[in-house]
Student: 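Got a structure for you, questions after.
Residue numbers begin at 1 in each chain, while the letters A, B, ... track the order of the sequences.
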Protein chains: 2
Amino acid sequence: MQHVAEAARVSVATVSALLNGTATVSPELTQRIEQAIRDIGYKRNAIARSLKMGTTRTIGLTVPHITNPFFTDVVSVIQQAFDRAGYAVMLCCTDEDLNTQDEQIRLLLDRMVDGLIVARVGDGGILKDIVEDANVPVVLLDRLCEGVDTDAVVLDNRRAVFDAVTYLIHLGHRRIGYITGTSDISPMHDRMIGYREALQAAGLPVAEELVRSGNFHEIDGYNATMQLLSLHDRPSAIFSANNPMVIGTMKAIRDIGLSCPEDISVACFDDFPWSDVFVPQLTTVAQPVQAIGEQAANLLLDRLAGNRDAPPRKLVLKGRLMIRNSCRPLGAVAQSVSA
Amino acid sequence: MQHVAEAARVSVATVSALLNGTATVSPELTQRIEQAIRDIGYKRNAIARSLKMGTTRTIGLTVPHITNPFFTDVVSVIQQAFDRAGYAVMLCCTDEDLNTQDEQIRLLLDRMVDGLIVARVGDGGILKDIVEDANVPVVLLDRLCEGVDTDAVVLDNRRAVFDAVTYLIHLGHRRIGYITGTSDISPMHDRMIGYREALQAAGLPVAEELVRSGNFHEIDGYNATMQLLSLHDRPSAIFSANNPMVIGTMKAIRDIGLSCPEDISVACFDDFPWSDVFVPQLTTVAQPVQAIGEQAANLLLDRLAGNRDAPPRKLVLKGRLMIRNSCRPLGAVAQSVSA
DNA sequence: AACGCTAATCTAAACGTTTCGAATCTGTCA
DNA sequence: TGACAGATTCGAAACGTTTAGATTAGCGTT
């Protein structure tokens, strides 16, 4: 800008005024300045601007795993939304680890991000302090956080699993295995409740040996399924509470020599693009990823636009049961269906 | 830092020296400063630091689509690598559009990223100028770019497709449909060559009606497959040159009432986590995503570490044919196999 | 006692912007 | 003619760091 000003024989203040439209500058100088900018190939330095203005037009986004297709989709939507608004997004993967998350959030804050969207991990950690300081707005994604009172968009997980398990019960299943992630994050907690409530609503017992938990990864789903299938009275259906784990479930079923849905029915949380091309076509709970991403972005953009004092808003969206053919009717139900 | 200095009754220079370890400061002052930092809860402002130092410890990463599992995986690996090195990464999706890409690269450059990893789109666009200016190092990912002479890591696409198509030929297939993306990007170009060379090497004709091109999306694969399957002499096998398009291929096969591999064999580029759990288990060309991501990160980190003048390095990695059961033997071959 | 050396600390300029208030210019009006 | 208003333009401080060079203090030598 220094150089531009010299070349155009004006002051830097004038150049700045023209660039930002903060004051009227005469046609003559406008002309000279624009010419100089072109000659020099000048580009305004956003870092210096950020320093002075106190805003970077950059937001931070952290997710546990980007390879989980649910997060992939949501990240994609969020990225697009902020791109449209002229914001850049810094992406971090926390790998389901609280320390990593804290570190990455610090990294983002150091870089003066204007806002944060967090699919949090563990208990909130450093998040609590950040929200309380209230310098940078935070919106929680997918997972609520006790003691962190801020904007959030989540799914009605309880209801979604309730519906899915109820569907299995209607098909005639009585012993339904359930594979959950670690229960310290809200969706897993709520989904588990949905499972229990569905059983109770149908007057079925909640057998603890049918509930297994893992750490979200394929291998955990595999191990959990192996355990379920080796029970003396094994379940006739399995519901897996997240997407990577159901891959493990399918592999375990295959390895043990069973097949789905003939020998065992399977349903899971999170839809994925392949779900209706291959056999079996998995019955899933689809999350409205587009809406989730857009709402999260909108909540944050609204705060960034200056609406800082409104009370925290919590958006709860509905999942949708995508019934395909990985669950088969059992017993009397099967009779009446085939009749 | 101002406040810390006052509270500790030292100058800002001393605080800075302590923080950066650029000069020895006495135990006494160290103590006072550290105490002040704790009391105040001081965090160094990375933006001001960046302005002064001319480096942001942030890199930019652009990919065409983050939902393509290949890019998802690579992004994940790259993010981890830079995280380990203390860098943040700004992620942009260009949506296979050159203008979007140019815009996003400008956005990243404005923010003074220290380096750029680009899975480019269209002809290089603005990229050419950036590489020539040589202010910020660029490494190309997955896709080379004519006239842009810089570090790159790509797959030996020609060879990978050559092997896959040769495999199909060995199975007895003679008419092999080929679905490609737009041929203006190097991998698509090279893969197509691999296809042609494999046919030629086997003495087979290259029938132009068997080659269809689309724009990388599922719907394009669907349409292309529909066309191929409605040929009077339809192919007995289809190779799809990218991952989202093969979903379309599978859907088209299903919708037209055929099944894979009984009626038609399918293979495709890019492996994915589900490939061996469902039926049919797709035969794919797996890219070494871990290595690709790490190498790209290493190339850039090396430049960032100061090695600016070394000539451009081009890394070519090998794909791996993952043979599963979506392709069946045909004719004489089938006889001898079942015999 | 004066000197030089080392180690520790400080002063002040710089990075590239934005912005406030002051300065200049051009007409207009009393 | 002189004062005033409005429109432009400018000078300089500020944002929060880093860093070169100046200053100071402590201490052993001669």
Student: Describe, as an angle rounded to 10 degrees, how the axis at the first end of the helix from C/dA1-D/dT30 to C/dA30-D/dT1 is tilted relative to the axis at the last end, five pairs per end.
Tutor: 80°
Student: Round to a whole Å and report the spacing from CZ of B/Arg111 to P of C/dT17.
Tutor: 15 Å
Student: If you compare all heavy atoms of A/Val113 against all heavy atoms of A/Leu116, which two are closest, and at what distance to 0.1 Å?
Tutor: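 Taking A/Val113 first and A/Leu116 second, the nearest heavy atoms are CG2-CD1, 3.8 Å.
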Student: Name the closest nucleotide to the A/Thr22 side chain, picking from C/dT19, C/dT18, C/dA12.
Tutor: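 Looking only at side-chain atoms, A/Thr22 lies closest to C/dT19.
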Student: Hey, is the main chain of A/Thr22 close enough, under 3.5 Å, to the side chain of A/Asn20 for a donor-acceptor pair?
Tutor: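 No: the side chain of A/Asn20 does not pair with the backbone of A/Thr22.
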Student: Going 5' to 3' along DNA chain D, which are the first and last nucleotides with any atom under 4.0 Å from a heavy atom of chain A?
Tutor: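 In short, chain A contacts DNA chain D from D/dT8 to D/dG16.
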Student: Is it the case that over 12 heavy atoms from other parts of the model lie below 6.0 angstrom from the CD atom of A/Gln31?
Tutor: no
Student: Has B/Thr14 got a side-chain atom pairing as donor or acceptor with B/Val10's backbone, closer than 3.5 angstrom?
Tutor: no
Student: For A/His217, is the NE2 atom crowded, meaning more than 12 foreign heavy atoms sit under 6.0 Å from it?
Tutor: yes
Student: Hey, can you pull the residues of residues 45-52 of chain B with a non-hydrogen atom under 4.0 angstrom from DNA chain D?
Tutor: B/Asn45, B/Ala48, B/Arg49, B/Lys52
Student: Main chain of A/Leu91, side chain of B/Gln79: is a donor-acceptor contact present, judged purely on distance under 3.5 Å?
Tutor: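 The answer is yes, because a donor-acceptor pair under 3.5 Å joins these two groups.
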Student: Hey, could you give me each pair passing salt bridge (charged side-chain N to carboxylate O under 4.0 Å, His left out) that has a residue in residues 84-100 of chain B? Not counting sequence neighbours.
Tutor: B/Glu96-B/Arg143
Student: Could you identify which residues of residues 24-33 of chain A place a heavy atom less than 4.0 Å from some atom of DNA chain D, listed by residue number, or say none?
Tutor: A/Thr24, A/Val25, A/Ser26, A/Leu29
Student: Throw together a table of side-chain donor-acceptor distances under 3.5 angstrom for residues 127-136 of chain A, partners on residues two or more places apart or in other chains.
Tutor:
none

Student: For the OH atom of B/Tyr87 and the OG1 atom of B/Thr56, what is their distance to the nearest 0.5 Å?
Tutor: 8.0 Å
Student: How many whole angstroms separate atom CG of A/Leu19 from atom C1' of C/dT19?
Tutor: 14 Å
Student: Is a donor on one side and an acceptor on the other found under 3.5 Å between the side chain of A/Ser50 and the backbone of A/Ala46?
Tutor: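 Yes; judged by distance alone, with no hydrogens or angles, the pair exists.
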Student: Identify, between A/Ala23 and B/Gln2, the residue whose nearest nucleotide on DNA chain D lies closer to the 5' end.
Tutor: A/Ala23
Student: Main chain of A/Arg313, side chain of A/Asp151: is a donor-acceptor contact present, judged purely on distance under 3.5 Å?
Tutor: yes
Student: Hey, is CD on A/Glu103 packed in by over 12 heavy atoms from elsewhere, all under 6.0 Å?
Tutor: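 Result for CD/A/Glu103: open.
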Student: On DNA chain C, check which nucleotide each of B/Thr14 and A/Tyr42 is closest to and give me the residue with the more 5' one.
Tutor: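 By nearest-heavy-atom nucleotide position, the 5'-most residue is B/Thr14.
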Student: So that I can tick it off, tell me whether B/Asp110 and A/Arg44 are bridged by a salt bridge, with the cut-off set at under 4.0 angstrom between side-chain N and carboxylate O.
Tutor: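 No.
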